Chemist: 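Quick one: this structure, given as structure tokens, is what I'll be asking you about.
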Amino acid sequence: PVCFFLLRLVSLCMVQMWSLLLHESMKPETPVVPEEMPAPNMRGSQASLVELKKPALPPFPGEDPGLRKAPPPSPPPAPPSPVHGEAAPASLAAVGEGNFDLDAPPELLRWSPKTISVVLPCAEERDLAFKTVKSVYESTPEHILHEIVVVDDGSNPPLSQTHLNAEVQRQYKVLIKRHESTVGLIGAKKTGGDAATGDIIVFFDCHVGPQSRWYEDFINLIGENYRRMVIPQITSLDIDSWTQIGAGGGMSKCYVTWDGDFKWGGTDDMYMGMLSGGLAGMSRQWWDESGGFDDKMLGWGGENIDQGVRMWVCGGEIVAAPNAQVAHMWRTGNKKTNARYKHVGDTIYNRARAIRAWFQEFSVKLDDYPNFAHRKKSGGEDWVGDMSTFQKVRDRLNGCRPFAWYLRRFKVVYEDAGLVPQEIFMMREESSGQCLLFMGGAGTSGSGKEGVKLADCDPDNDRFFWHLGNRNRKTKKCCGGIRAWNTDQCFEGGQGGGRAVTGICELSGSNSLQGWSLDSDGMLKRGSTCLGPADDGRGVKEAPCLSFRSKGGARFTKQHSREPIERTLYVKAQREHPEVFAKLNQQLRLEDENLGVPSKCLKPGAECFTLFFGQTPGGNRCVTSDGGLSSSQDDCALFMHSAEAIQLAETGDCLDTWSDQDPETWGFYSCHGGVVQKFRNTEGSIYCTQVEIDSPQCFELKLWQRR
């Protein structure tokens, strides 16, 4: 019996061993993945990662997508299985394990995306939703458009029962995700982004018309860097014909203010520090890695601030698409453009969450804005709610960078245009003893214009404080104007009635109305115009500087100057953590070498020069970019020859006599070949006007040399 039992036991063991070996032999072969780089963990990807020697993505064929007919009726294909390339950027499965490189080299970020998912958050938009779906489908090649994810945000009845029925879904590659109750734009976009399975996710509004070949910039630019967010040019849409109004050239570039609002403007290159709203695209992998939208934000507003800063500090970037145009329906007050959805959420709350998450120690600036300060006072220090989701992103992406790095990265805005001012000050008019009071509130002006008056100086009232702002138009450095502290407003001079006025700051310095400065002699001036006491002694007026001499002059002095908290924190961060800024500072030093120099003058073989007024060499006043004459060489504009004309290198416009007899007045117009724009070489480097004028109008040309 014992032998029989042992025999049965051995037999059973052999059978089990045989079964195990048979099971293992039937397993599919595991694909080989290079050890030094994990394979991408991308939902439904068709992308393949490029080899380092692979050429850039070829141009798309010159098709007219609008003429393409709908495909034969058939259900949309199921999402394809992931396809692994030869080398992959770090995947979601791998980040957070110490291998996420915030400064990864370009070759590790390059890949070859194949498909695009377009996400449309729609709430009660009905006919607009259908027209947008149709426009997206007809403007995108069949092999690139993976799907159109429509998120029905609480429409009643559902869009799938009205304008986006089963036939429309099948014909236009529509996948519908539905919220039974409205959660708002942010939540709808998050649902759509999480559901999308194309290589690239593009977020549009539910009332847009993408223009021909819009997709090319998204494929090409994101293909160069999978961590790149791309923003199209936003133009205007005629909703009756569903066509673009005008020839294009829309808006896209923005910057963020201390209270988490966005303003149009920014850098002069392709990079953007902030996005205006919901039109953007990124790789699906970067959407997963960077965490998508904050799930605690409701409604709309603030998500652009969150995404704008998040992209940059966590290792990504934002660029403006030069050719991708998307026509957008604006809310004009017309009944056809009115919002039809249920309003939910709290924009102030959303913005505060974005600021608390990414501004870090700089979020103390919210105390300078009553809308936020009141909420903090009533709701407590933690009124913005649970912030743990943001910390999870930081932990996963190697900590991300500090907000001071972001400010330094966009020094053209925050340093050169004065948003991190070295000092703030009050301006006291000496004859009255009163100070200039900004009559608007902190933050964004509701009207775009605000008043300024003289009032008894009060150092405890922030509205009395000003600082230098806007870039100097020639040097591109700080500063060419005066800005009211913690506002979007810059000084624009007198407006009558004893008061002055401000307008929305133009950071580039191109708005000549904002070219005011407080000189060392106490003159608050713009060119030859000054601000001084009004004739009746009540208030101020703008007049030629010479007119104030007989009345004792017009003199302002700085009072209660101090360094603001934003400057203190900014300097402290760079002093205590120089290693964070080392690589960036090196890059900025290289850029500063050519700052303010027109690109035409930097081309090999180009000859640019400055113009000094005078019939003989040795004049000390040069021509500026606005046609004025200045004794400061920092203000000298650069010029180029064009036949008998002299062109401003920055714009290509021609120097013009303005058809008058005054040798002190010059201007620039489009070149037309007229005699008022012609100059002749009289001797050596001296050039004079060809037009007959009582007194000679000549310039000495001095060749500009690159540093």
Side-chain angles (χ1 to χ4, degrees), residues 57 59-71 113-122 125 127-151 163-164 168-169 171-175 185 188-189 192-193 196 198-223 228-252 275-284 318-330 337:
L57 195 69
F60 291 86
E63 64 177 297
D64 184 357
L67 299 178
R68 191 181 65 248
K69 296 181 179 179
K114 305 296 184 185
T115 60
I116 293 177
S117 291
V118 175
V119 174
L120 303 177
C122 302
E125 300 202 68
D127 57 322
L128 301 180
F130 172 74
K131 290 179 179 179
T132 299
V133 164
K134 186 172 184 291
S135 180
V136 169
Y137 181 82
E138 292 181 346
S139 62
T140 315
E142 176 75 18
H143 66 284
I144 291 178
L145 183 63
H146 183 70
E147 63 194 346
I148 302 174
V149 182
V150 174
V151 182
H163 292 71
L164 301 180
V168 172
Q169 295 174 45
Q171 181 173 341
Y172 294 108
K173 287 189 172 182
V174 174
L175 169 66
L185 184 66
K189 289 196 291 187
D199 298 330
I200 292 173
I201 305 174
V202 175
F203 297 92
F204 287 155
D205 288 339
C206 203
H207 38 259
V208 301
Q211 300 303 291
S212 176
R213 305 176 71 154
W214 68 270
Y215 49 86
E216 294 185 14
D217 277 351
F218 284 86
I219 291 283
N220 288 323
L221 292 172
I222 297 175
R228 177 178 280 172
M229 176 181 278
V230 172
I231 311 298
Q233 301 293 314
I234 305 171
T235 61
S236 297
L237 179 69
D238 182 329
I239 62 172
D240 293 322
S241 62
W242 216 257
T243 57
Q244 180 172 271
I245 299 174
M251 301 174 291
S252 64
L275 52 152
S276 62
L279 277 61
M282 68 179 82
S283 72
R284 189 178 64 255
I318 309 174
V319 301
N323 304 308
Q325 295 185 356
V326 179
H328 180 274
M329 182 198 78
W330 304 100
T337 67

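Worth saying up front: this structure is predicted, and the values here are computed from it rather than measured.
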Chemist: Of the non-hydrogen atoms in Val168 and Val174, which two are nearest, and what is the gap between them?
Modeler: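 Answer, listing the atom of Val168 first, then Val174: O-CG2, 4.3 Å.
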Chemist: Which heavy atom of Ile234 sits nearest a heavy atom of Ser276, and at what distance?
Modeler: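 Looking at all heavy atoms of both residues, the closest pair is CD1-OG, 3.8 Å.
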Chemist: Does a side-chain heavy-atom distance below 4.5 Å link Val326 with Ser135?
Modeler: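 A side-chain contact is absent here, since even the closest heavy-atom pair is not under 4.5 Å.
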Chemist: Do the non-hydrogen side-chain atoms of Phe218 and Met282 ever get within less than 4.5 Å of each other?
Modeler: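 No, their side chains stay 4.5 Å or more apart.
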Chemist: If every non-hydrogen atom of Asp205 is compared with every non-hydrogen atom of Gly278, which pair is closest and at what distance?
Modeler: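 Smallest heavy-atom distance, with atoms named: OD1-CA, 4.5 Å.
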Chemist: Within the side chain of Arg228, is there an N or O that forms a donor-acceptor pair under 3.5 Å with the backbone of Val319?
Modeler: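 Flag not set: sc Arg228 to bb Val319 has no pair under 3.5 Å.
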Chemist: Mind checking the CD1-OG1 spacing from Ile200 to Thr115? Nearest 0.5 Å is all I need.
Modeler: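 Between atom CD1 of Ile200 and atom OG1 of Thr115 there are 7.5 Å.
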Chemist: Is it the case that the side chains of Tyr172 and Glu147 hold a donor-acceptor pair, with the cut-off being a distance below 3.5 Å and no angle test?
Modeler: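 Glu147 vs Tyr172: no donor-acceptor pair found between side chains.
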Chemist: Check Ile148 against Val133 and note the closest heavy-atom contact, atom names and distance.
Modeler: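 Smallest heavy-atom distance, with atoms named: CD1-O, 3.7 Å.
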Chemist: Please answer whether the main-chain N or O of Gly209 pairs with a side-chain N or O of Gln211 as donor and acceptor at a distance below 3.5 Å.
Modeler: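 Side chain of Gln211 to backbone of Gly209, a donor-acceptor pair under 3.5 Å: yes, one is there.
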Chemist: So, taking the atom named OG in Ser241 and the one named NZ in Lys131, what distance separates them when rounded to the nearest 0.5 Å?
Modeler: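 Ser241 OG to Lys131 NZ: 9.0 Å, rounded to 0.5 Å.
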Chemist: What pair of heavy atoms forms the shortest contact from Val119 to Ala196, and how long is it?
Modeler: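 That would be CG2-CB, 4.4 Å.
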Chemist: Does any part of the side chain of Trp242, heavy atoms only, come nearer than 4.5 Å to the side chain of Leu128, both counted from C-beta?
Modeler: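 They are in side-chain contact.
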Chemist: Could you tell me how the ring of Trp330 sits relative to the ring of His328: parallel (under 30°), tilted (30 to 60°) or perpendicular (over 60°)?
Modeler: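 It falls in the tilted class, 30° to 60°.
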Chemist: Once you round to the nearest 0.5 Å, how far does CE of Met229 lie from CD1 of Ile201?
Modeler: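 One gets 10.5 Å once the value is rounded to the nearest 0.5 Å.
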Chemist: What distance do Thr235 atom OG1 and Gln244 atom CD have between them, rounded to the nearest 0.5 Å?
Modeler: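 Spacing of OG1 (Thr235) from CD (Gln244) equals 3.5 Å.
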Chemist: What are the two closest non-hydrogen atoms of Pro121 and Leu185, and how far apart are they?
Modeler: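 Smallest interatomic distance, heavy atoms only, reads CG-CD1, 3.4 Å.
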Chemist: Keeping Ser117 on the side-chain end and His146 on the backbone end, is there a donor-acceptor pair under 3.5 Å?
Modeler: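 Side chain of Ser117 to backbone of His146, a donor-acceptor pair under 3.5 Å: no, none is there.
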Chemist: In Å, rounded to the nearest 0.5 Å, how long is the span from CD1 of Ile245 to CD1 of Ile239?
Modeler: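 One gets 9.5 Å once the value is rounded to the nearest 0.5 Å.
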Chemist: Please name all residues satisfying ring-ring contact (aromatic ring centres under 6.0 Å, His included) with His163, sequence neighbours left out, ordered by chain then number.
Modeler: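 Checked His163 against ring-ring contact (aromatic ring centres under 6.0 Å, His included); zero matches.
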Chemist: Any donor-acceptor pair under 3.5 Å linking the side chain of Ser139 with the backbone of Val136?
Modeler: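 Flag set: sc Ser139 to bb Val136 pair under 3.5 Å.
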Chemist: Counting distance only, does the side-chain N/O of Lys189 pair as donor-acceptor with the main-chain N or O of Phe203 below 3.5 Å?
Modeler: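 Side chain of Lys189 to backbone of Phe203, a donor-acceptor pair under 3.5 Å: no, none is there.
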Chemist: Among Leu279, Leu275, Asp217, find the one that has a side chain to side chain contact (heavy atoms under 4.5 Å, CB included) with Ile231.
Modeler: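 Of the listed options, the one satisfying the test is Leu275.
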Chemist: For residues Val208 and Leu237, determine if any side-chain heavy atom of one lies less than 4.5 Å from a side-chain heavy atom of the other.
Modeler: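 No; the side chains remain at least 4.5 Å from each other.
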Chemist: With a 3.5 Å distance limit and no angle check, can you tell me whether Gln233 reaches the backbone of Ala321 through a side-chain donor-acceptor pair?
Modeler: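 Answer holds: yes.
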Chemist: Just so I know, are the side chains of Pro210 and Thr140 near enough to count as touching, which here means a heavy-atom distance under 4.5 Å?
Modeler: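 Pro210 does not reach Thr140 side chain to side chain.
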Chemist: Please list, chain by chain and in numerical order, all residues satisfying salt bridge (Lys or Arg N to Asp or Glu O under 4.0 Å) with Asp238, sequence neighbours excluded.
Modeler: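 Counting only residues at least two positions away or on another chain, Asp238 forms no salt bridge (Lys or Arg N to Asp or Glu O under 4.0 Å).
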